[in-house]
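A short write-up of the structure that comes next.
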2 protein chains.
Amino acid sequence: MPDRSAPLPDLDAIRLLALVADTGSIGGAARRDGISQPSASKRIAVLERRLGLRLLRRRTTGSELTDHGRLVTEWAREVLRATDALLAGAAALRTAGSETVRVAASQTVAEYLMPLWLAELRTVESGARVRLEVMNSTGVVAAVVAGDCDLGYIESPGVPKGLTTSTVRDDELLLVAAPGHPFTRRRTPVTAADLLGTALVVREQGSGTREVLERAVGTLELADVLELDSNAAVKIAVAAGAGATVISRLAVAAELTRGSLVQIRTDGLDLRRQLRMVSRRGARPSPAAAALAQLSHRR
Amino acid sequence: MPDRSAPLPDLDAIRLLALVADTGSIGGAARRDGISQPSASKRIAVLERRLGLRLLRRRTTGSELTDHGRLVTEWAREVLRATDALLAGAAALRTAGSETVRVAASQTVAEYLMPLWLAELRTVESGARVRLEVMNSTGVVAAVVAGDCDLGYIESPGVPKGLTTSTVRDDELLLVAAPGHPFTRRRTPVTAADLLGTALVVREQGSGTREVLERAVGTLELADVLELDSNAAVKIAVAAGAGATVISRLAVAAELTRGSLVQIRTDGLDLRRQLRMVSRRGARPSPAAAALAQLSHRR
DNA sequence: GAGGGGTCATAGACTTCGGCTATGCCGGAC
DNA sequence: GTCCGGCATAGCCGAAGTCTATGACCCCTC
């Protein structure tokens, strides 16, 4: 992979571009950003040079986006959204105070859904503080029961008793492998029996992903298994040809469209599951907790 | 819009973190990044300080991610993906050569789908050069017919003749308004007749979005209309209370989950449409064009 | 159990980059 | 004509990033 190809643009410049689009002038964006007008002008100029595009049409009455600028700005907002999600997630990991919503989430939820919710929460309840802990589904339930957490998010099929649960989202595990894996050349769907005879990469015991897989293949014993404790590690191992795996669609969406992993059709395997929120029955949630709970159920 | 005063993390640091995750050591990541090991060490340290999190567990055999580091890295990859999309899009706008795939796309496709495809294309056919032009659906068809483009992407319902077309994706327009808009308090769905009596913000004539709207409301004349020529401008106007609008779900997905715009239920309005690819019948696509065409149909 | 090869952090010198103030140019408004 | 708002340029300065050199640490091997 060539890495040093081109200097990455500056996030500050990207944000500034979005501010220019909002305010209609470079100077206005500079004021909002708390920097001087010449600095803003220069930042934008550097960004234009780096991208090789004219983004703004400078008029003496202000600046407006060119056609190219309009597109780049839209794409820039996507980068800023992802950055917001990262920062919101980091803030939730760092927070330890007591006036905070305490959340426990299983890996898939924490990785792929939680940061979005947190970023959105920040725009709705900007004062809300969230402490996020990541553990497997079993641990999440225990934490909620013990009162260590206000909200929990799990991905395992088991029904915890004594807790209020609600489905946040339907999820599905997919059988995937590296391009060129024998499974990719099959004409018939893969069955549970087929899985037993192949090298598999799986998540650790206690993870929701593992539970769904074991439920789907029944009591049969899996052989030749490489066990790893994170979705990222699993994906890397599978892409490197260590075997096939069964993993959440959320976790491999990017890899599938990019083609670095391919989905294998299956037959007779029920790999659907639900991502659910759990909380103590009868507990009165704080406003921030209620907001997060509501957010996480939207679409 | 929050005017973030907190320092934004550095994209270089974010990429470096992902490289550390891939290589398992700071020094290794530094080599891949073309910088010295101490520089990499410092960059990571600064990132950790900025986020307030310990991301790496430094061992003398290398470095491994902490639990927090694992999560942050996953979120960081999302930022990098968005950045890749932006850069790939910018490259496509800047390219003018003749050995390139010439693509024309309507606004919705160009804004929300094309950069992802381009970023993916870059990982598959790294040498591919793409020239992207944005125009409304009518213009796209004309460009493809005239041979100015190899591939076109449109969002209008009309069937261009003499061209090969294929559906890339199902899309749907949504009626949305700002929170507090009278429509949001209605108990019954909004009908075509209701739309005629309200202030609307619409895209310009010739845009696919406009065509779908006009087809849905029939021949009736819309009154009290503010006409703008980009989805972004429309969203800003609607959020500011200028009226309701009908706009692609792709364009407002973020705003809806964030709650800055709300969807209004409708009845008797067919707002579905298809985003389609068009090309000249019988034209033999270049390998890069074929790859892009295939990519855009995945999923 | 001593050395080699790998890891990472620190120190100090140098350079680069981005910020600010001051100023000039330009076009529209009055 | 004059004024005002917006933008670019120039020049200075400080912060931040980079490099090389070096030391501490651990694992592995012999």
Side-chain angles (χ1 to χ4, degrees), chain A residues 3-66 68-69 72-73 76 83, chain B residues 3-66 68-70 72-73 76:
Chain A
D3 304 80
R4 211 62 189 121
S5 43
L8 256 57
D10 189 352
L11 270 182
D12 293 311
I14 287 178
R15 183 189 50 191
L16 186 61
L17 175 64
L19 284 175
V20 172
D22 291 344
T23 63
S25 85
I26 293 181
R31 277 189 295 280
R32 278 231 227 161
D33 207 19
I35 63 175
S36 71
Q37 171 267 322
S39 301
S41 173
K42 197 164 155 188
R43 279 224 287 238
I44 296 286
V46 169
L47 179 64
E48 283 182 317
R49 191 156 41 76
R50 285 236 221 285
L51 296 179
L53 297 174
R54 281 224 2 215
L55 303 176
L56 296 182
R57 180 166 306 125
R58 279 90 161 163
R59 325 246 3 188
T60 118
T61 80
S63 292
E64 60 177 13
L65 294 169
T66 62
H68 287 175
V72 170
T73 302
T83 306
Chain B
D3 57 330
R4 288 252 124 278
S5 294
L8 255 57
D10 190 353
L11 271 182
D12 292 311
I14 287 178
R15 183 188 50 188
L16 188 61
L17 175 64
L19 284 174
V20 172
D22 292 343
T23 63
S25 86
I26 292 181
R31 277 189 296 280
R32 278 232 226 160
D33 207 17
I35 63 175
S36 72
Q37 171 267 322
S39 300
S41 173
K42 195 165 161 187
R43 278 225 283 240
I44 296 287
V46 169
L47 179 63
E48 284 182 316
R49 191 156 41 75
R50 285 236 221 285
L51 296 180
L53 297 174
R54 280 222 7 213
L55 303 175
L56 296 181
R57 181 166 306 123
R58 279 90 160 163
R59 325 244 3 184
T60 99
T61 82
S63 293
E64 60 177 12
L65 295 169
T66 61
H68 288 175
R70 214 166 295 165
V72 171
T73 302

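So that the names make sense, note that chain A is the first sequence line, chain B the second, and so on, each numbered from 1. What you see is a predicted model, and the numbers here were worked out from it, not measured in a lab.
- Taking 4.0 angstrom as the limit, B/Arg31 places a side-chain polar atom (N or O) nearer than this to OP1 or OP2 of C/dT7.
- Of the residues in residues 53-63 of chain A, A/Arg58, A/Arg59, A/Thr60, A/Thr61, A/Gly62, A/Ser63 come within less than 4.0 Å of DNA chain D through at least one heavy atom, sorted by number.
- Summarising the geometry, atom NE2 belonging to A/His68 is positioned 11.5 Å from atom CG belonging to A/Leu51; distances are rounded to the nearest 0.5 Å.
- B/Asp10 has its side chain out of reach of B/Leu47: every pair of non-hydrogen atoms, C-beta onward, lies at least 4.5 Å apart.
- In this structure, B/Ile44 atom CD1 and D/dT18 atom P are separated by 11 Å, rounded to whole Å.
- Under the 3.5 Å distance criterion, the side-chain polar atoms of B/Ser41 are left unmatched by any main-chain donor or acceptor of B/Gln37.
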- A/Ile44 vs A/Leu16, side chain to side chain contact (heavy atoms under 4.5 Å, CB included): CA-CA, chis, key distance, verdict: CA-CA 8 Å; A/Ile44 296 286; A/Leu16 186 61; 4.0 Å; yes
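- Using a distance-only test at 3.5 Å, with no hydrogens or angles considered, no donor-acceptor pair links the side chain of B/Ser25 to the main chain of B/Ser63.
- Between the CD1 atom of B/Ile26 and the CG atom of B/Asp33 there is a distance of 12.5 Å, given to the nearest 0.5 Å.
- If you measure from atom CD of B/Gln37 to atom P of D/dA24, you get 16 Å, rounded to the nearest angstrom.
- The structure places OG of A/Ser39 at 11.5 Å from CG of A/Asp12, a figure rounded to the nearest 0.5 Å.
- Atom-to-atom, CD of A/Glu48 to P of D/dC7 comes out at 12 Å; the value is rounded to the nearest Å.
- Note on the helix from C/dG1-D/dC30 to C/dC30-D/dG1: angle between the axes of the first and last five pairs equals 20°, rounded to 10 degrees.
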- For A/Arg32 and A/Asp22, run side chain to side chain contact (heavy atoms under 4.5 Å, CB included): C-alpha distance rounded to whole Å, both residues' side-chain angles, the deciding distance at 0.1 Å, then the answer. CA-CA 10 Å; A/Arg32 278 231 227 161; A/Asp22 291 344; 4.2 Å; yes
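- Applying the salt bridge (Lys or Arg N to Asp or Glu O under 4.0 Å) test between A/Glu48 and each of A/Lys42, A/Arg57, A/Arg58, A/Arg43 identifies A/Arg58 as the sole match.
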Hey, what are the protein-to-nucleotides 17-19 of chain C N/O distances that come in under 3.5 Å?
| unit_1 | atom_1 | unit_2 | atom_2 | d |
| --- | --- | --- | --- | --- |
| C/dG19 | OP1 | A/Arg43 | NH1 | 2.3 |

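- A/Leu17 is listed as a side-chain neighbour of A/Val72, based on a closest heavy-atom distance under 4.5 Å.
- Heavy atoms only, all atoms of each residue included: A/Ile14 and A/Ala76 are closest at CG2-CB, 3.5 Å.
- Atoms CG (B/Leu47) and C1' (D/dG17) sit 15 Å apart, rounded to a whole Å.
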